[in-house]
Structures are given as C-alpha cells and as structure tokens.
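One structure below.
The figures here come from the full heavy-atom set of this structure, side chains too, leaving out hydrogens, waters and symmetry mates.
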Amino acid sequence: MMRAVCVDVPGGPENLVLRSIPRPIPKDGEVLIKVHAAALNRADLLQRRGLYPPPAGESDIIGLEVAGTVDGLGQGLKGNWKPDDRVMALLAGGGYAEYVSVPEELLIPVPNNLTFCQAAAIPEAWLTAFQLLVFIAQVKQGEVVLVHAGASGVGTAAVQLARLFGAVPVVTAGSREKLQLAEKLGAVAGYNYKEESFVQGVHDFTGGKGADVILDCIGGSNWEKNVSSLAVDGRWVLYGTMGGRAVEGDLLGKMLSKRGHLLCSLLRSRSLQYKADLVRAFVDRALPCFSEQPATLRPVIDSTYKLEDIAEAHRHMEANRNMGKIIVTVTPQSEETP
C-alpha cells in the first residue's frame with residue numbers, strides 16, 4: 001500500500017484527501033519510482049475541479065512531475081536503470097503519491113548537484129517551455145520572445161531557455177518582485193500588466209517591430225494586446241487559457257494583416273513517442289546546463305509543503321502568490337543535497 005492524494009468529489013482544495021491505496025505495479029517497459037518530491041502545476045488545479053481529466057488509461061491521481069529513486073523494474077526495459085537510481089519523470093498523472101509507475105522513456109537522470117526538490121521542479125515545467133520554444137515556435141537566435149507569467153514555473157524556465165538558445169526574452173508579470181526575479185534569470189525587459197501597457201513596452205523595446213514569438217498561457221483576455229505586440233510573420237504560441245477561452249472581435253482579420261501564426265499546444269495529451277522525443281532532445285540540449293559550474297540553468301523554487309499539507313499548497317497557487325515552482329515533499333530526504 002502507499003499514501004496518495006485522492007479527489008472523491010471535484011471542488012476546492014478541501015476536497016484533496018490523503019489516504020492509503022494500492023501501490024502500482026510496473027508494466028512492461030515501466031519503472032516504479034519511490035517519490036521523494038512532486039511539484040504543482042496549474043493543470044492540477046483544473047483536474048481537482050473536474051475540468052481537466054487525465055488521458056484515457058492514465059492514473060486519476062493528480063500530479064504531472066516527480067523526482068525520486070528507482071524502486072522496481074518492469075519487464076522488457078531497454079535502459080540500464082538500477083534500484084536507487086536518482087530520477088525525475090514527466091507524468092500524465094499519479095504524482096501526488098509515494099510511488100508512481102512510469103514508462104522508461106519519460107525518465108530523466110537527476111544531475112548530481114540537484115536535490116530531489118530541485119529536480120521535481122524540472123520535468124513538466126521545463127519540458128513544456130522547451131517544447132514551446134524548440135518544437136512549436138522553432139525559436140531562432142536574436143528573436144524577441146514575449147513570455148507571459150514570466151515568474152511562473154514555465155515562465156522562469158522559458159526565460160532561461162530563451163537565453164540559452166540566443167533569443168531575447170521579455171516578460172509580463174503582476175508585481176515588481178516577479179519582474180525582478182525574471183530579470184535576474186535573464187529577461188532583458190519586464191512589464192507589470194496591472195500598471196502599464198506591455199504592448200507599448202514591447203513596441204518601445206523592439207523599435208516598433210514587435211515580438212517574434214509570444215508564449216501565452218492567458219488566452220482570451222489578452223488576445224488583442226497579443227496581436228498588437230506580435231511582429232509581422234510572428235508566432236503566437238497558446239498553451240493555456242487562464243484569462244478565458246472566448247474571443248470577441250476581429251481576431252482573424254488582425255492576425256491576417258500581420259501574417260501571424262497562431263500555434264496551440266498541450267503536453268499531457270501527447271503520445272508517448274512525442275514525449276520520448278521531447279525528453280531526448282531536452283536531455284541532449286538542456287540537461288547538462290544544470291550541472292555546469294556555475295549552472296547556466298537552474299530550477300526556481302517558491303515554496304515547499306508536506307504531502308499532508310497539499311490543500312495549502314493548492315491555495316497558495318490559486319492566490320497567484322508563487323514565484324517559481326511549488327514543491328510537495330513526500331519523504332524527509334527530499335531536500336537533502338546528494
């Protein structure tokens with residue numbers, strides 16, 4: 001048996017219940033992970049409310065990324081995984097638990113200099129940002145990338161990856177502290193959307209050209225400002241709708257006049273082959289940068305909560321107070337340096 005966070009009735013954070021359930025058994029090609037730490041994502045809040053169910057056949061336990069140690073091996077594995085190997089993993093579900101079984105293609109070795117808490121902050125957020133920049137937008141050196149929610153988990157990853165790839169990140173955020181964090185990570189300009197026009201800021205920064213790429217998790221409420229901020233032939237990459245799904249107005253006409261590309265992407269619902277290709281590309285191009293001295297890339301952790309305090313962790317994210325990732329510790333060793 002194992003402890004896991006369950007949701008019997010969709011609703012608020014108070015509906016998250018910690019209980020004992022059967023431990024998963026690894027299938028062919030899977031590795032069982034003893035979870036030391038997991039991390040929160042916006043999708044978790046939607047799933048808790050019944051608005052974002054897991055893909056068919058996947059665990060209905062919330063949680064899209066973990067770090068821990070190899071505890072069991074299924075049949076037919078191709079890799080040289082061994083018990084107690086330190087790993088992190090991208091999940092379609094199952095992260096809020098003491099154990100999770102994962103296809104081996106989605107395992108990533110944890111760099112020796114990272115704790116489990118730091119490692120848990122990487123898979124979903126960093127693979128999402130990497131996918132958006134590399135697979136979807138195909139960002140090029142010197143391009144200006146406007147990153148909304150620049151102090152979020154995906155935002156802090158996107159800023160650092162954009163710099164790694166030679167692009168020029170600018171961000172929006174809702175406080176001076178969040179903008180300062182993004183700028184420390186490499187953003188060359190930042191705009192407080194509560195106090196100023198990021199459209200004007202982007203135009204001033206680019207000399208009227210606009211952003212070549214926009215990474216947008218807001219959606220509906222920002223569409224006009226996004227189109228106004230977009231360069232001719234620019235790519236607007238939509239990966240969330242925190243600001244609503246409905247659009248009213250001349251979206252198509254304005255995008256047509258810019259010859260703009262609207263690209264939409266999710267990660268959770270992708271095929272195992274797509275995710276495996278993404279993991280391999282990330283491991284090749286980005287993972288070594290976490291181990292450099294000094295590190296070129298680093299996960300940003302806002303706060304840590306124990307598994308039994310998961311409801312408070314959700315409330316913290318819903319209040320938009322976090323800068324970087326919110327981590328859930330499952331074992332006492334999760335914050336120890338290896």
Under a 4.0 Å N-O cut-off, is there an ion pair linking [X] with [Y]?
| X | Y | answer |
| --- | --- | --- |
| Arg315 | Glu318 | no |
| Glu308 | Arg3 | yes |
| Asp85 | Lys82 | yes |
| Glu65 | Lys325 | yes |
| Arg19 | Asp8 | yes |
| Glu224 | Lys254 | yes |

Take Ile33 and Ser101 through the side-chain contact (heavy atoms from CB on, under 4.5 Å) test and state the conclusion after the steps. CA-CA 6 Å; Ile33 299 174; Ser101 191; over 6 Å; no
What are the two closest non-hydrogen atoms of [X] and [Y], and how far apart are they?
| X | Y | answer |
| --- | --- | --- |
| His316 | Asp302 | NE2-OD2, 2.8 Å |
| Gln118 | Asn113 | OE1-O, 3.9 Å |
| Gln47 | Pro54 | NE2-CD, 4.0 Å |
| Gln138 | Arg235 | O-NH2, 3.4 Å |

Cation-pi check, Arg86 onto Phe116 ring (under 6.0 Å, within 45° of axis):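 Yes, a cation-pi geometry holds between Arg86 and Phe116.
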From CD1 (Ile326) to CE (Met317), nearest 0.5 Å: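 Separation between the atoms: 4.0 Å.
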Hey, could you give me the CG/OG distance between Leu114 and Ser291, rounded to the nearest 0.5 Å?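 Taking CG in Leu114 and OG in Ser291, the distance rounds to 6.5 Å.
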Counting only heavy atoms from other residues, nucleotides and ligands, does the tally under 6.0 Å from NZ of Lys225 exceed 12?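 Counting neighbours around NZ of Lys225, 12 or fewer heavy atoms of other residues, nucleotides or ligands fall under 6.0 Å, so no.
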Quick one: are the ring centres of Tyr193 and Phe198 less than 6.0 Å apart?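 Between Phe198 and Tyr193, which both carry aromatic rings, the centre distance is not below 6.0 Å.
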Under a 3.5 Å distance rule, please check whether Asn15 uses its side chain to pair with a backbone N or O of Val7 as donor and acceptor.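 Checked: no pair found.
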Are any side-chain N or O atoms of Lys258 and backbone N or O atoms of Gly253, one a donor and one an acceptor, separated by less than 3.5 Å?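 Side chain of Lys258 to backbone of Gly253, a donor-acceptor pair under 3.5 Å: no, none is there.
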What orientation do Phe290 and Phe282 show, parallel under 30°, tilted 30 to 60°, or perpendicular over 60°?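 Because their plane-to-plane angle lies in the 30° to 60° range, the rings of Phe290 and Phe282 count as tilted.
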